[in-house]
Chemist: 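Got a structure here, written out as structure tokens. Questions coming.
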There are 4 protein chains.
Amino acid sequence: MSQSHTSRPLRVGLVGGGRIGKVHAKTLQRAGAIVAMVGAACDFITVAADFGISRWTTSAAEVFGDPDIDAVVICSPTALHAEHIVEAAKHKKQIFCEKPVAFSVDKVDEAIKAAEDAGVKLMIGFNRRFDANFARMKQAIDCDEIGKINMLRITSRDPGAPPIEYVKVSGGLFHDMTIHDFDMARFLVGDEVDEVYAMAQSVNPEIAAVGDVDTAVVLLKFRNGVICYIENSREAVYGYDQRAEVLGSKGSVAFDNKHSNQVVVSTNESVRRDLPLHFFLERYMDAYVAEMEAFIRVCTTDGSSVPVGGPDGREALLLALAADKSLAEKRPVKIDEFR
Amino acid sequence: MSQSHTSRPLRVGLVGGGRIGKVHAKTLQRAGAIVAMVGAACDFITVAADFGISRWTTSAAEVFGDPDIDAVVICSPTALHAEHIVEAAKHKKQIFCEKPVAFSVDKVDEAIKAAEDAGVKLMIGFNRRFDANFARMKQAIDCDEIGKINMLRITSRDPGAPPIEYVKVSGGLFHDMTIHDFDMARFLVGDEVDEVYAMAQSVNPEIAAVGDVDTAVVLLKFRNGVICYIENSREAVYGYDQRAEVLGSKGSVAFDNKHSNQVVVSTNESVRRDLPLHFFLERYMDAYVAEMEAFIRVCTTDGSSVPVGGPDGREALLLALAADKSLAEKRPVKIDEFR
Amino acid sequence: MSQSHTSRPLRVGLVGGGRIGKVHAKTLQRAGAIVAMVGAACDFITVAADFGISRWTTSAAEVFGDPDIDAVVICSPTALHAEHIVEAAKHKKQIFCEKPVAFSVDKVDEAIKAAEDAGVKLMIGFNRRFDANFARMKQAIDCDEIGKINMLRITSRDPGAPPIEYVKVSGGLFHDMTIHDFDMARFLVGDEVDEVYAMAQSVNPEIAAVGDVDTAVVLLKFRNGVICYIENSREAVYGYDQRAEVLGSKGSVAFDNKHSNQVVVSTNESVRRDLPLHFFLERYMDAYVAEMEAFIRVCTTDGSSVPVGGPDGREALLLALAADKSLAEKRPVKIDEFR
Amino acid sequence: MSQSHTSRPLRVGLVGGGRIGKVHAKTLQRAGAIVAMVGAACDFITVAADFGISRWTTSAAEVFGDPDIDAVVICSPTALHAEHIVEAAKHKKQIFCEKPVAFSVDKVDEAIKAAEDAGVKLMIGFNRRFDANFARMKQAIDCDEIGKINMLRITSRDPGAPPIEYVKVSGGLFHDMTIHDFDMARFLVGDEVDEVYAMAQSVNPEIAAVGDVDTAVVLLKFRNGVICYIENSREAVYGYDQRAEVLGSKGSVAFDNKHSNQVVVSTNESVRRDLPLHFFLERYMDAYVAEMEAFIRVCTTDGSSVPVGGPDGREALLLALAADKSLAEKRPVKIDEFR
């Protein structure tokens, strides 16, 4: 539940009106928090009007510099994230930024430093931390339902590859897709990774042609000894596949996919049910709402800190870079090589 | 998806601020449709303020008579439903009324006639028609996934008995609880019932003391031969239990309970998961939202008709009355005895 | 586990080589217990030879009169059961007899009396008492995992109707099929039934033509107040459907169907698994083995008593007769009408 | 179904009366195939007598040299397997040998050559090939239910570590436990492995103390590009965990654990079921029976070949050796390093 500790609602500027921008616009509208939007010309009708945003501009600087705006939600292309964070921090805005923060450690460090220097909050959009399944799994671990963790599996598959133009600028599978799993692994294990090993292939020839992979297993060895294996595919025709499983000394905790209904049809051929929720918007809509509510709460509650911040974005990036290197050099890679 | 065909949003007056009144207030607020509320003094703070309702009164007549209001959502006590419908119809308001419409057929007929005479729409709050599981089950039937229906089961159990003061004025189990299942049976089978037989007991002595039952099986024989068995309990300690199952000539369709997460914990004692969604507000929140969106759509779309109307409320009442009589007289009762 | 307390193995004569006769022959062969068989001429090759039975005759009297035989397993047609029990008892054989014992109470009483007078054991073939699911459900009840029982559901459906010639001599649905469910209801509730109400139809015109029903719900009111509803169909195209569910004051216990494998296939159309075990031979094979092992153990252990005996067969028959009468007279029928 | 094409039953000598020796003794007894046994003195009472084996000796040579014996089932300690195979082949016995064949490639090659030279059959005890779940998964692949394979997961966990004395002589986790998973991976993918990478830890200090691991993930890259990840633990307190999952271009096929019953208990605390089948004897008993029936069939059917033979044992060994080396040298290891 969102509880406001200030007398007036937060005033938020939304930067970017793409797929994820629209998701946040909806939650911000319900909270009565959205007041301005930065977007391309076409966003005015499809986003601003739809979500009742009266002020609209193509200039990010205009929003960052507006003294009436308390906070910004950055959904611009990844290449602009760090720059937008720095600019917003300069104007003392509270900041929510989508994942990944950037493709290089330097850029991430610059963004983190800017927020720290300005004394503003910087929250990173790892939405799965707000998902009921991951949260319940974390609770099982924290409440000692399964003892000490020994092993962790994350299965994360997309129902199909994105447009090849997107793949080209995505930073590659580990930065675009596995980045979420890297964050979840750290979140669940509660420790940092020592070593990474990646094995991958491209089953989609288009993806191979642009030098990326679409099918991968990444092994993480944590400092505390825990072994994590992450499995990704961009080619799960039955839909978005989001499962995880933790083996501990006193038991295991696991979750299966989420479906839009519980209906089972039995005929003389099979016992069947409908496919799982198709993709991330359907699967994680509740998590996106909880995430933005958390950001609003953090911004309006004195002394509160973000549940997932810049350093989390930095660590996930290190893991992606290590996975890239492991794949290129066909060997396990220590995270210390990047610190 | 709600699609408005009028240039200005619907203006709705909410009558009643109890548990279900708050549910509808929330959806109406999101749609920007709520403009006034009728409630007791205490509702002003807990409902009107919470849901941004600026106009508030203790007089239903004031809202019914307001020319600026297009439609009313009636969540008053059942004893007032019919009277409120008649009054609202007199002022040409579109009407949504919670179930059950009334405890007597005369009252229901009076309400239906008033709406017909006034040429206004009357939609009844059988929320389960808008639930994803029941809707998918209906689709399986309509799309001939399971052939001709032979038998139908509805299991509907509450996690605990309501306060005994509520039980006293509820009209009894069949009017308060089974009424939903009667409507679902008609909805799924697509035919009318010929005969009813009820067997019941009271496991809760308090409920027995006020002459009601809390544990029952009701058999329905439809005109087309289909046998339906409804099972109710007010004492399912593990939570709200909402399941149904249809056997057809080409297969069966069934659904199990809905949970807030898919997490399974395995220890050296058991493989277990959390309880199902606890009660109707959690379980059917999505259905309540879809229901109110449907009402708004019907009100704002010329020529559209309500998905569930007065005659549906009337038939469900006949079944409840037949079940009462069957239990009292220990014999199967024909619906024709009430027509 | 079978543990013999006598120095030499039991010597059993098998009466009848039909479907169920073969099942018992196999278990008896493994136990080294089978020594003779009564069958039709055709059984010699298909049963006796297959199961290594060296002695074979068409005369039941010959087997009953053989002093080298300790026990008989009666799998003859139902019409002969009582007569065979009486004859076997006369020769002091221990007796296992398939269900139902007979179609009339007099016949059953005669059989029970004969066994009692002769001081021999009489065990009745209600195989489901030896099924892992029903046994675990009974354990949950006995160990107070779900508190005091309030309600019980038994779903029992066949994958298809038997040959119409069989239906004609089967005694009708309640004697042939529901008889198992009647026994299970008594077994699980641990009390006797007070009243029975049956609602049924024939969806298969051939079955209607011979005056039987194939789709039914039977309600049982137990003396202790428990309500049981049994649901039967002979037309479940997806296979043998064997489920049960008990609601108690502290929770519920339920089981779903059993499958030959746990494999799930997900495609772009559905998430599906293979059908449940097709019919009673597949579904209850383990139970048949445990049942015959129990009979052998009872016969070879001094002072032991049968886990399910003549009086159980008698009570199940009373329930079937009451269901017949309820259906014919369209009213609830007290079991006392038959005592 | 076992169908004999010879006029007299196979005569089998069983070598070894340990845990797995008893399993095979039972199946051989039912088939009337077992005629002699080689065992330690203590086995006479606990095995030979129990399974009706009349001839019993402590000398393997005596059984191998017996002209009345057609086939041998070798369940001796792994260190003796190859030697026993060579000796049995010399006497023209058909041979079934438990896994693993040996700890060194030379020994395995020697055994394979001996069987080939003698013209006798050599079947290896990879029992999981005869399991209903793995078989149904293989069928889904072969019948193109899921298209071209892209990725494969095998989860295989034991409910607890074996006695440390056993661990010491087991050859290590990859030879003792993962060996089954290596065979299953090859069986399901239908191709050979190119490269292996292993990551592991010892959560049990006793196992660490003897230089072995108990928690591991092994990655296999097949020649055809398929990525397989095998996960093992000796510390799954909830029981034997045997699952697998294949992702293909047209869908996925997966199976979950097998339970002794389908019963679910719901209370005010949780919805729970009993633990999965506890260990390999319970979980794979049906597979062991089918395996031995297959061996008998192969031995008694002219021109038939074994479903899983010496070369399968050899390949699984290579994978175990590569996993050992990968773990020791912290790098991916090519199988060609061992060819």
Side-chain angles (χ1 to χ4, degrees), chain C residues 1-2 9 26-27 29-32 50-52 131-141 143-147 188 242-277 282-283 285-287, chain D residues 1-2 9 26-27 29-32 50-52 131-141 143-147 188 242-277 282-283 285-287:
Chain C
M1 289 295 107
S2 164
K26 198 171 172 184
T27 308
Q29 180 189 29
R30 286 194 185 167
D50 261 21
F51 296 100
D131 173 61
N133 279 333
F134 278 109
R136 179 66 183 83
M137 176 171 268
K138 176 68 169 165
Q139 182 192 27
I141 295 166
C143 297
D144 197 33
E145 291 184 58
I146 61 159
L188 293 168
Q242 296 287 296
R243 290 171 288 153
E245 176 180 2
V246 183
L247 175 65
S249 58
K250 289 163 57 179
S252 80
V253 54
F255 61 84
D256 213 322
N257 283 312
K258 202 172 157 182
H259 291 250
S260 67
N261 66 62
Q262 282 67 49
V263 170
V264 171
V265 174
S266 301
T267 68
N268 60 357
E269 289 185 343
S270 68
V271 174
R272 66 172 193 264
R273 66 181 304 192
D274 292 344
L275 296 180
L277 289 169
E282 294 87 356
R283 172 64 183 79
M285 188 50 75
D286 291 345
Chain D
M1 289 297 107
S2 165
K26 198 171 172 184
T27 309
Q29 180 188 29
R30 286 193 185 168
D50 260 22
F51 297 100
D131 172 61
N133 279 333
F134 278 108
R136 179 67 183 82
M137 176 171 268
K138 176 68 169 165
Q139 182 192 27
I141 295 167
C143 297
D144 198 32
E145 291 184 58
I146 62 159
L188 292 169
Q242 296 287 296
R243 289 171 289 152
E245 175 179 1
V246 183
L247 175 65
S249 58
K250 289 162 57 179
S252 80
V253 54
F255 62 82
D256 213 323
N257 283 313
K258 203 172 157 182
H259 290 250
S260 66
N261 65 62
Q262 281 66 49
V263 170
V264 171
V265 174
S266 302
T267 67
N268 61 356
E269 288 185 342
S270 68
V271 174
R272 67 173 193 264
R273 66 182 302 193
D274 292 344
L275 296 180
L277 289 169
E282 294 87 357
R283 172 66 182 79
M285 189 51 74
D286 291 346

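Residue numbers begin at 1 in each chain, while the letters A, B, ... track the order of the sequences. These numbers were taken from a predicted model, which means no experiment stands behind them.
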Chemist: Under a 4.5 Å cut-off applied to non-hydrogen side-chain atoms, are D/Asn261 and C/Met137 in contact?
Modeler: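 Not touching, per the 4.5 Å side-chain cut-off.
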
Chemist: Which residue out of D/Arg243, D/Glu145, D/Arg30 racks up the most heavy-atom pairs below 4.5 Å with chain C?
Modeler: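 So the answer, after comparing D/Arg243, D/Glu145, D/Arg30, is D/Arg30.
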
Chemist: Between C/Val263, C/Thr267, C/Leu247, C/Asp131, which residue shows the highest count of heavy-atom pairs closer than 4.5 Å to chain D?
Modeler: C/Val263

Chemist: Step through the shown structure and confirm whether more than 12 heavy atoms of other residues, nucleotides or ligands are within 6.0 Å of CD on C/Glu282.
Modeler: yes

Chemist: Closest approach of C/Pro9 and C/Gly32, non-hydrogen atoms and distance?
Modeler: CB-O, 4.2 Å

Chemist: Counting heavy-atom pairs under 4.5 Å with chain C, which one of D/Val264, D/Asp256, D/Val253 comes out on top?
Modeler: D/Val264

Chemist: With a cut-off of 6.0 Å (strictly less than), are more than 12 heavy atoms of other residues, nucleotides or ligands near NZ of D/Lys26?
Modeler: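 No, NZ of D/Lys26 has 12 or fewer neighbouring heavy atoms, counting only those of other groups under 6.0 Å.
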
Chemist: So which residue, C/Arg136, C/Arg273, C/Gln29, ends up with the most heavy-atom pairs under 4.5 Å with chain D?
Modeler: C/Arg136

Chemist: Look at D/Ala254, D/Gly251, D/Ser260 and state which one has the largest set of heavy-atom pairs under 4.5 Å with chain C.
Modeler: D/Ala254

Chemist: Side chain, backbone, both or neither: which part of D/Asp274 has a non-hydrogen atom closer than 4.5 Å to chain C?
Modeler: side chain

Chemist: Of all of C/Ile146, C/Val265, C/Val246, which one pairs up most often with chain D through heavy atoms under 4.5 Å apart?
Modeler: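 Sorted descending by pairs with chain D, the first entry is C/Val265.
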
Chemist: In terms of heavy-atom pairs under 4.5 Å, which option from C/His259, C/Lys258, C/Glu269 contacts chain D the most?
Modeler: C/Lys258

Chemist: Are any non-hydrogen side-chain atoms of C/Asn133 and C/Arg283 less than 4.5 angstrom apart?
Modeler: yes

Chemist: In terms of heavy-atom proximity below 4.5 Å to chain C, should D/Lys250 be classed as side chain, backbone, both, or neither?
Modeler: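 For D/Lys250, the contact with chain C is made by the backbone alone.
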
